[in-house]
Amino acid sequence: MLDNIKVAFIDLDGTLLNSKSEFSDKTKRVIKLTTEKNIKVVLCSGRSNIDLISKSKNINSSSINISSNGATVYDYLENRVIYENIIEKSILNEIWNFAMHNNISLAFNTILKRYKNANSSKDAVVIKSIDEINENVSQIVIEAKEFNDICKMRDFLRDYHDL
């Protein structure tokens with residue numbers, strides 16, 4: 001039956017990763033056995049492409065990853081974008097302005113970088129203006145800690161072009 005299968009698309013969180021966000025030894029063995037049968041294992045996630053690359057290398061799955069809830073398909077070995085759903089600059093500006101006016105923290109994910117409008121972190125470049133991003137943005141993550149801020153951003157996005 002496995003002879004007809006060429007590729008397996010598998011989600012990370014709640015599927016391949018355990019509660020500690022790690023691959024169990026059993027999962028690693030199954031992925032290894034699968035790839036030895038010439039079945040490509042493609043990781044899929046709502047996580048950023050940056051996160052998926054490190055996870056993919058950790059278990060030797062395919063170099064092709066589907067990230068940002070399907071907004072990006074990238075082959076890290078060939079450094080090739082296969083698909084990217086880019087957020088228009090005008091929309092980025094509107095979201096940036098709303099977030100800054102309401103003191104809401106956001107992360108802007110590109111193929112290989114993460115930018116944030118607040119709070120320095122080891123995994124992101126902190127920016128003071130959306131114009132500092134000279135790459136395509138395919139995902140924006142609300143990092144607000146207050147539920148009210150998340151609701152404000154949700155309502156804004158719903159009213160703004162039904163995003």
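Numbering of residues begins at 1 and proceeds along the displayed sequence.
To the nearest 0.5 angstrom, Ile104 atom CD1 is 13.0 Å from Lys145 atom NZ. The distance from the CG atom of Asn85 to the CG atom of Asn136 is 10.5 Å, given to the nearest 0.5 Å. Annotation: the span from Ser61 atom OG to Leu12 atom CG amounts to 8.5 Å, rounded to 0.5 Å. From Leu92, atom CG reaches atom CD1 of Ile130 across 5.0 Å, with rounding to the nearest 0.5 Å. The CD atom of Glu135 lies 9.0 Å from the CD1 atom of Ile111; values are rounded to the nearest 0.5 Å.
Under the 30°/60° scheme for interplanar angles, the aromatic rings of Phe156 and Phe98 are found to lie parallel.
In this view, Glu36 and Lys32 satisfy the side chain to side chain donor-acceptor pair (under 3.5 Å) rule, not counting sequence neighbours. Contacts of Glu143 classified as side-chain contact (heavy atoms from CB on, under 4.5 Å), with partners at least two apart in sequence or in another chain: Ser105, Ala107, Lys116, Val141.
Sparse packing is recorded around NZ of Lys40, with 12 or fewer heavy atoms of other residues, nucleotides or ligands lying under 6.0 Å away.
Screening residues 64-75 for side chain to side chain donor-acceptor pair (under 3.5 Å) gives Ser63-Asp75, Ser68-Gln139, Thr72-Ser138, Tyr74-Asn79 as the qualifying pairs, with residues at least two apart or on separate chains.
Considering every non-hydrogen atom in both Ile59 and Ile31, the closest pair reads O-CG2, 3.6 Å.
By the 4.0 Å N-to-carboxylate-O rule, Asp51 lies close enough to Arg114 to be salt-bridged with it.
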